[in-house]
**Q** 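Following this message is one structure expressed as structure tokens.
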Amino acid sequence: MARRPLPRILSSGSAQIARSREIARSAADSATDVLHPLITITRGLRQLAVMARHRWAATPKERRGPTLFLAASCVLVVALIPYGPLVALISVMAAAAWKGRVRTPVKSGPDEAEAGRLRALYEALVPHFSVAEDPAPLFAHGSDWSKAFSDYEFDGNGRLTRLQVAYPAYFTDGEAESRARIEQLLHAKSGRGREYLFTWDEEGNRLVMSVLPALSTAIAAQRFVTAPGETVLGFTDAGAVRRTVPVAQGEETSSAAPVLWRTGPRSTEPHLLVVGEPGSGTTTLLRSIALQALQHGDVLIVEGSGTGEYGCLAGRAGVLAVECGLAGALASLEWAAHETERRLIAANRARQAGHPEPDDTKRPLWILLDRPSILGHLAAADGHTDPQDLLQVPLRHGRAAQVTVVVAEQFDSLDPLTETVRTHTRARVVLGAATFEQVESVLGVQPHTTPTPEVPPGRGYARLGTGPVLRIQVPATPDPYDEATSEAHRRAVLELLPERQDQAGPAAVPDPAADPVHEAVPAES
């Protein structure tokens, strides 16, 4: 028997049904949009009616008669005055629209997950903030956490971004070890991978923990608005310093908080020590300092690693030499020591004679040493003088002679640094991922924030003398001759480089294109 084909309505019915559902859904959405005011007013009238019924039910029976008479009198008065019914209708509709509006519920406290986090954090702090002798402990297992925690905030992922903790007065908040234990616990329980700022109020027995936003890495090398003798080491958190400078970030200009290092005769931290791991940005910082120093002074660069990271500066106006060999480094540093002595003698004679200081003693001289420990090992193997020994005169008397020394070294090579270098480099910068112990060994104190295991190049901490520890992000100043450098950063560095010169004083400078790192020693003035 041959099969009869299905009716047409059954074969195409599913498509028609789906199309009909879509049309119905669109019509319902359109009707909802059109009738939304009417729906709002209706909802408000219903709520007003419910409110009036509850009010009438709550009115005592002996007062219902006078209340009903008063309401009827009001209705009569409204009906008799001109435009009274219209005004009453408009008022009722407005009240209904206001009452029936959709209001976003206001969050008045933590949700269940956030309360669980706070409860777990409270229980973890109980062993540190409680003693058996306390008759009314603020921290106790199973107690209410709300009496100890206040001013708490969470991000979209439910992690704490701010918390104020009240702790008992007998807690030893004056000891660094006690504070470090609490900070480490809060850091671990609140989520790793972020930088936390801990602010201790010993007088009020309060601890405020807050998450710091990441410092901007979009600031590249540029001409910063500074006075002579001021050098921008990097940029820190807004509010950490009193001053801001305009900076260009791409095509936009904004204000940023700089870490300013002041050098010269009146500086209390005339020399700088930069420490970090490979790839942390120490060379970038020295290159940034050199570009800023060339605006008003001369620069002598000694590179111990010999990788040619400063080849872009060779042969430029104001760059006395770029040395990467042991012989050239020793000769240049010996000349720098004699130049420092010459400046001191010339300035002293001018003062005794009642004359102003010569101009050649006022121009700043910058000595930048990158990885001097490598040259020290080579000098010890060949029986030569350690280059660091030649820095004693510039380090001790450089402030009066307008001579500034900047030394960059890695953590694994800090031991070979001489005592003179450690003593006179009171401005310190630590870059890269470092532990609390490493940061404290360089800066003298631990930072108030938690170092993160992964940081971008140029990120770290800075401390000028006995000042506070500041977070710092070095402006991007890469080697423009490096193929991995972006075109924007390459252009920014090349625009700051001085013009090339054929002669660097009496000593000839080779062609930088043929030999970007030379060993020409500047002649003594």
**Q** Pair T284, T477 - check side-chain hydrogen bond (donor to acceptor under 3.5 Å, both in side chains), show working.
**A** CA-CA 5 Å; T284 298; T477 316; over 6 Å; no
**Q** Any chance you could measure H271, atom NE2, to L391, atom CG, to the nearest 0.5 Å?
**A** 9.5 Å
**Q** Counting N and O atoms only, with roles assigned by atom type, does the side chain of R428 sit under 3.5 Å from a partner on the main chain of T425, one being a donor and the other an acceptor?
**A**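 Checked: pair present.
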**Q** Can you tell me how far CZ of R287 sits from CG of L368, rounded to the nearest 0.5 angstrom?
**A**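 The CG atom of L368 sits 11.5 Å away from the CZ atom of R287.
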**Q** Report the distance from atom CG of L160 to atom OG of S210, rounding to the nearest 0.5 Å.
**A**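 The CG atom of L160 sits 11.5 Å away from the OG atom of S210.
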**Q** Rounded to the nearest 0.5 Å, what separates atom OG1 in T340 from atom CG in L395?
**A** 9.0 Å
**Q** Taking R463 for its side chain and L443 for its backbone only, find out whether a donor-acceptor pair lies under 3.5 Å.
**A**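 Yes; at least one donor-acceptor contact below 3.5 Å.
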**Q** Applying side-chain hydrogen bond (donor to acceptor under 3.5 Å, both in side chains) to W200 and E183, what does each step give before you reach the verdict?
**A** CA-CA 10 Å; W200 291 83; E183 293 175 1; 2.9 Å; yes
**Q** What residue pairs, at least two apart or across chains, pass salt bridge (Lys or Arg N to Asp or Glu O under 4.0 Å) with a residue in residues 430-450?
**A** none
**Q** Kindly determine whether L212 and R471 satisfy side chain to side chain contact (heavy atoms under 4.5 Å, CB included), including the steps that lead there.
**A** CA-CA 10 Å; L212 294 173; R471 291 202 306 166; 3.7 Å; yes
**Q** Does some side-chain heavy atom of L186 sit less than 4.5 Å from a side-chain heavy atom of L121?
**A**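 SC-SC contact between L121 and L186 confirmed.
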**Q** Can you name the closest pair of heavy atoms from V393 and A337 and give their distance?
**A** CG1-O, 3.9 Å
**Q** Please check this pair: side chain of Q392 against backbone of T420, looking for a donor-acceptor N/O pair closer than 3.5 Å.
**A** no
**Q** Side chains of residues 129-144: which donor-acceptor pairs under 3.5 Å do they make with residues two or more places apart or in other chains?
**A**
from: S130; atom 1: OG; to: V126; atom 2: O; distance (Å): 2.5
from: D134; atom 1: OD1; to: A136; atom 2: N; distance (Å): 3.2
from: D134; atom 1: OD2; to: Y170; atom 2: OH; distance (Å): 3.0
from: H141; atom 1: ND1; to: E123; atom 2: OE1; distance (Å): 2.8
from: S143; atom 1: OG; to: A140; atom 2: O; distance (Å): 3.4
from: D144; atom 1: OD1; to: S146; atom 2: N; distance (Å): 3.2
from: D144; atom 1: OD1; to: S146; atom 2: OG; distance (Å): 3.1
from: D144; atom 1: OD2; to: S146; atom 2: OG; distance (Å): 2.5

**Q** Do F235 and V245 have side chains that get closer than 4.5 Å, going by heavy atoms?
**A** yes
**Q** May I ask you to check whether over 12 heavy atoms, not counting those of H448, lie within 6.0 Å of atom NE2?
**A**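 Counting other residues, nucleotides and ligands, NE2 of H448 stays at 12 neighbours or fewer.
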**Q** Closer than 3.5 angstrom, by distance alone: can the side chain of Q438 be matched with the main-chain N or O of V442 as a donor-acceptor pair?
**A**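 No; zero donor-acceptor contacts below 3.5 Å.
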**Q** Salt bridge (charged side-chain N to carboxylate O under 4.0 Å, His left out) with E230: which residues, sequence neighbours excluded?
**A**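 Applying salt bridge (charged side-chain N to carboxylate O under 4.0 Å, His left out) to E230 gives R243, R262.
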**Q** Where does the angle between the aromatic ring planes of F171 and Y167 fall among parallel (under 30°), tilted (30 to 60°) and perpendicular (over 60°)?
**A**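 The rings of F171 and Y167 stand perpendicular, inter-plane angle above 60°.
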**Q** After noting the C-alpha distance and the side-chain angles of T161 and Y152, does the key distance pass the side-chain hydrogen bond (donor to acceptor under 3.5 Å, both in side chains) rule?
**A** CA-CA 8 Å; T161 58; Y152 45 81; over 6 Å; no
**Q** Are any of the side-chain nitrogens in R206 or D151 under 4.0 Å away from the carboxylate oxygens of its partner?
**A** no
**Q** Does the side chain of P456 come within less than 4.5 Å of Q473's, by heavy atoms?
**A** yes
**Q** So, T172 versus S178: side-chain donor-acceptor pair below 3.5 Å or not?
**A**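 Short answer, yes.
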**Q** For L163, does its backbone N or O pair with a side-chain atom of E153 as donor and acceptor, under 3.5 Å?
**A** no
**Q** Is it the case that more than 12 heavy atoms not belonging to Q184 sit under 6.0 Å from its CD atom?
**A**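 Count not over threshold, so no.
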**Q** Under 3.5 Å, which donor-acceptor pairs do the side chains of residues 213-222 form with other protein atoms, sequence neighbours left out?
**A**
from: S216; atom 1: OG; to: A218; atom 2: N; distance (Å): 3.3
from: S216; atom 1: OG; to: Q249; atom 2: OE1; distance (Å): 3.2
from: Q222; atom 1: OE1; to: A248; atom 2: N; distance (Å): 2.9
from: Q222; atom 1: NE2; to: A220; atom 2: O; distance (Å): 3.1
from: Q222; atom 1: NE2; to: A248; atom 2: O; distance (Å): 3.1

**Q** So L333 and D389, side chain to side chain contact (heavy atoms under 4.5 Å, CB included) or not? Walk me through it.
**A** CA-CA 9 Å; L333 294 178; D389 296 338; over 6 Å; no
**Q** Run the side-chain hydrogen bond (donor to acceptor under 3.5 Å, both in side chains) check on Y310 and D370 step by step: do they pass?
**A** CA-CA 10 Å; Y310 305 92; D370 195 351; 2.7 Å; yes
**Q** For R117, what residues pass the side-chain hydrogen bond (donor to acceptor under 3.5 Å, both in side chains) criterion, not counting sequence neighbours?
**A**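 With sequence neighbours excluded, R117 shows a side-chain hydrogen bond (donor to acceptor under 3.5 Å, both in side chains) to no residue whatsoever.
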**Q** Can you find a pair of side-chain heavy atoms, one from L431 and one from I472, that are under 4.5 Å apart?
**A**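 Yes; the side chains approach each other to less than 4.5 Å.
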**Q** For K362, I'd like to know if atom NZ has over 12 heavy atoms of other residues, nucleotides or ligands within 6.0 Å.
**A** yes
**Q** Within the side chain of R316, is there an N or O that forms a donor-acceptor pair under 3.5 Å with the backbone of L497?
**A** no
**Q** Search all heavy atoms of E195 against all heavy atoms of T449 and return the closest pair with its distance.
**A**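 Minimum heavy-atom separation between E195 and T449: OE1-OG1, 3.9 Å.
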**Q** Any heavy-atom pair between the side chains of V429 and V275 that's under 4.5 Å?
**A**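 No, too far: nothing below the 4.5 Å cut-off.
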**Q** Could you walk me through whether L272 and W261 pass the side chain to side chain contact (heavy atoms under 4.5 Å, CB included) check?
**A** CA-CA 9 Å; L272 175 69; W261 174 40; 3.5 Å; yes
**Q** Walk me through whether I367 and V403 qualify under side chain to side chain contact (heavy atoms under 4.5 Å, CB included).
**A** CA-CA 8 Å; I367 305 174; V403 178; 3.8 Å; yes
**Q** Might you point out which heavy atoms bring L291 and Q295 nearest each other, and give the distance in Å?
**A** O-CG, 4.0 Å
**Q** Quick one, T226 and T231 - any side-chain contact, counting heavy atoms below 4.5 Å?
**A** no
**Q** Could you tell me which non-hydrogen atom of G432 sits nearest to which non-hydrogen atom of V455, and how far apart they are?
**A**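 Closest heavy-atom pair between G432 and V455: C-CG2, 3.6 Å.
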**Q** How long is the span from the CG atom in L417 to the CZ atom in R422, to the nearest 0.5 Å?
**A**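 With rounding to 0.5 Å, CG (L417) is 5.0 Å from CZ (R422).
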**Q** Give me the atom names and distance for the closest heavy-atom approach of I374 to S305.
**A** CD1-CA, 3.9 Å
**Q** Side chains of L300 and W366: does their closest heavy-atom pair fall under 4.5 Å?
**A**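 Side chain of L300 against side chain of W366, heavy atoms only: no contact under 4.5 Å found.
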**Q** Between atom CG of D173 and atom CG of N205, what is the distance when rounded to the nearest 0.5 Å?
**A**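 So the CG of D173 and the CG of N205 are separated by 6.5 Å.
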**Q** A side-chain contact here means heavy atoms from C-beta on lying under 4.5 Å apart; do M209 and S190 qualify?
**A**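 Counting from C-beta outward, M209 and S190 do come under 4.5 Å.
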**Q** D482 and R490: which non-hydrogen atoms are nearest, and at how many Å?
**A** O-NH2, 3.0 Å
**Q** Please confirm whether the backbone N or O of P416 pairs with a side-chain atom of Q388, one donor and one acceptor, at under 3.5 Å?
**A** yes
**Q** Tell me the side chain to side chain donor-acceptor pair (under 3.5 Å) pairs involving residues 398-417, sequence neighbours left out?
**A**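 Sorted result for residues 398-417: R371-E409, S373-E409.
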**Q** Centroid-to-centroid, H187 to Y196, below 6.0 Å?
**A** yes
